[in-house]
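Reviewing the structure listed below.
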Amino acid sequence: MKQRLPLLLGVFAVMALSNAVVPVLPSLADGTALQGAIYSAYFLGAMVTVVPAGLLSDHIGRVPLLRAGLALTFGSGALMLVISDPAALLAIRVVEGIAAGLFVPSAMSWINLQPDHEQMSGNFIAALNVGLVFGLVAAGWLTATAGVLGGVMAFTAVTAVPLLMSAFVGEAVSPERERTDLLGVGRDFFWLYISAIVLVGATGAVTAIYPNFTGEPAATLGLQLGMMNVATIVTSLAASRVHLAPIPTIRVSAVLMAASVALSFFTPAAFILIGGVAGVVMIAQINYLATNPGRQGAIMGLFNASSYAGMTLLPFVAGVVAEAEGFSAAFAITAILAAVMAVTIGRCRCPLET
């Protein structure tokens, strides 16, 4: 437990700090463009880092990158507390994203090399989503008692705990000496990575277009969208305790995701279904990727890059379609893309029984 707890506390702190700026963005910069840039800079840093970090972790080990990610997260949070210039905050958010890009794939590859990786993956995904929700809620609440950056201050301090505890984490396996065939990894797991782009990205697409679609107050929208994360926490824990065959699970999840996205056009209660399906499908995808322990850094690096790509691309596509053809078309195209994954996942070349 002393080796696993720093990973769970670490991903909680990293995710909570990443979301702690969201409720206070209007106080950090003038204009929606700059506010959006500060928010998105984190994802840019993470997206460009996860694959190199995964490759590097195969060669020098996971633990150094875990510690580096936590140290950079702590440092970026501390800098946000003392630097208020919006341009500087933009750069700091990139660094914070780089920190997450170092930590997350290294932690996930470490987990996938453990005998109890299925349950541990569920715990990790749950802790990640708890961090996202807690970052939003606590940051908003702390604003009234500790100032605009109260949430940043709190979660920066929290990050120090797993950083210190990381001294107890040992390497899962010895670092590899051979060169990783990144193209080979991408070829073998191509259709799984496509499913990550689409099925994870579908949650972001619905989140992105729903505020303008409904016109609900921010408080109501926050509660409705928060149901998605809560459902993901519950199902990721449940799915990790039951051994599910990955390919059939992803196939069924794709159909359910399509149906849930379509249903969300009619009722926000469908967010519970979307989040629940997302939790199951992510556990299935991670278990799928655990079949080749020799390249876990590269494998998980590409998986995280695919997830970030999905959260970047599908919300953009849904927004463009909604503006050009209407919201019904945006929900429909997202649902169709999700349904297609039920067919394409069977084409994956992974060495796993289907």
Side-chain angles (χ1 to χ4, degrees), residues 18-19 21-23 25-26 29-44 46-47 93 97 129 132-133 136 193-232 253-279 281-282 305-344:
S18 75
N19 260 4
V21 304
V22 175
L25 278 172
D30 295 325
T32 55
L34 187 53
Q35 292 168 21
I38 290 174
Y39 174 76
S40 300
Y42 169 85
F43 296 99
L44 173 64
M47 188 169 62
R93 284 283 287 176
N129 280 277
L132 290 173
V133 174
L136 286 172
Y193 293 138
I194 294 297
S195 77
I197 290 172
V198 173
L199 298 179
V200 175
T203 67
V206 173
T207 300
I209 63 177
Y210 217 77
N212 283 337
F213 172 59
T214 65
E216 294 280 2
T220 302
L221 284 167
L223 180 61
Q224 292 171 343
L225 296 173
M227 294 189 302
M228 189 186 304
N229 291 102
V230 173
T232 300
S253 296
V255 174
L256 291 176
M257 180 65 80
S260 301
V261 169
L263 186 60
S264 68
F265 181 78
F266 302 99
T267 172
F271 285 144
I272 298 175
L273 299 177
I274 294 173
V277 173
V281 77
M282 282 190 286
S306 299
S307 300
Y308 280 120
M311 292 296 286
T312 301
L313 295 174
L314 261 70
F316 174 75
V317 171
V320 170
V321 173
E323 186 169 333
E325 302 295 335
F327 285 106
S328 59
F331 281 95
I333 193 66
T334 304
I336 291 170
L337 287 172
V340 169
M341 296 303 101
V343 178
T344 58

Test item: Y210 and F331 side chains (from C-beta on) under 4.5 Å apart, heavy atoms: yes
Could you walk me through whether Y308 and V200 pass side-chain contact (heavy atoms from CB on, under 4.5 Å), step by step? CA-CA 9 Å; Y308 280 120; V200 175; over 6 Å; no
Measure across I209 and A330 and return the closest heavy-atom pair with its distance rounded to 0.1 Å. CD1-CB, 3.9 Å
Donor-acceptor pair, side chain of R93 and main chain of I38, under 3.5 angstrom: yes
How far does CG of L313 sit from OG of S306, to the nearest 0.5 angstrom? 10.5 Å
Enter the distance from L337:CG to I197:CD1 here, rounded to the nearest 0.5 Å. 11.0 Å
N229: which residues meet the side-chain hydrogen bond (donor to acceptor under 3.5 Å, both in side chains) condition with it, sequence neighbours left out? N129
Run the side-chain contact (heavy atoms from CB on, under 4.5 Å) test on T232 and M282 for me, step by step, so that the C-alpha distance in whole Å, both residues' side-chain angles and the decisive distance to 0.1 Å come before the verdict. CA-CA 9 Å; T232 300; M282 282 190 286; 3.8 Å; yes
May I have the list of side-chain donor-acceptor pairs in residues 254-278 shorter than 3.5 Å, sequence neighbours left out?
residue: S260; atom: OG; partner: L256; partner atom: O; Å: 2.7
residue: S264; atom: OG; partner: V261; partner atom: O; Å: 2.5
residue: T267; atom: OG1; partner: A269; partner atom: N; Å: 3.1

Qualifying residues under side-chain hydrogen bond (donor to acceptor under 3.5 Å, both in side chains), relative to T334, sequence neighbours excluded: none
Closest heavy-atom contact between L199 and V281? CD1-CG2, 3.6 Å
I need the minimum non-hydrogen distance between P315 and G201, along with the two atoms involved. CD-O, 4.2 Å
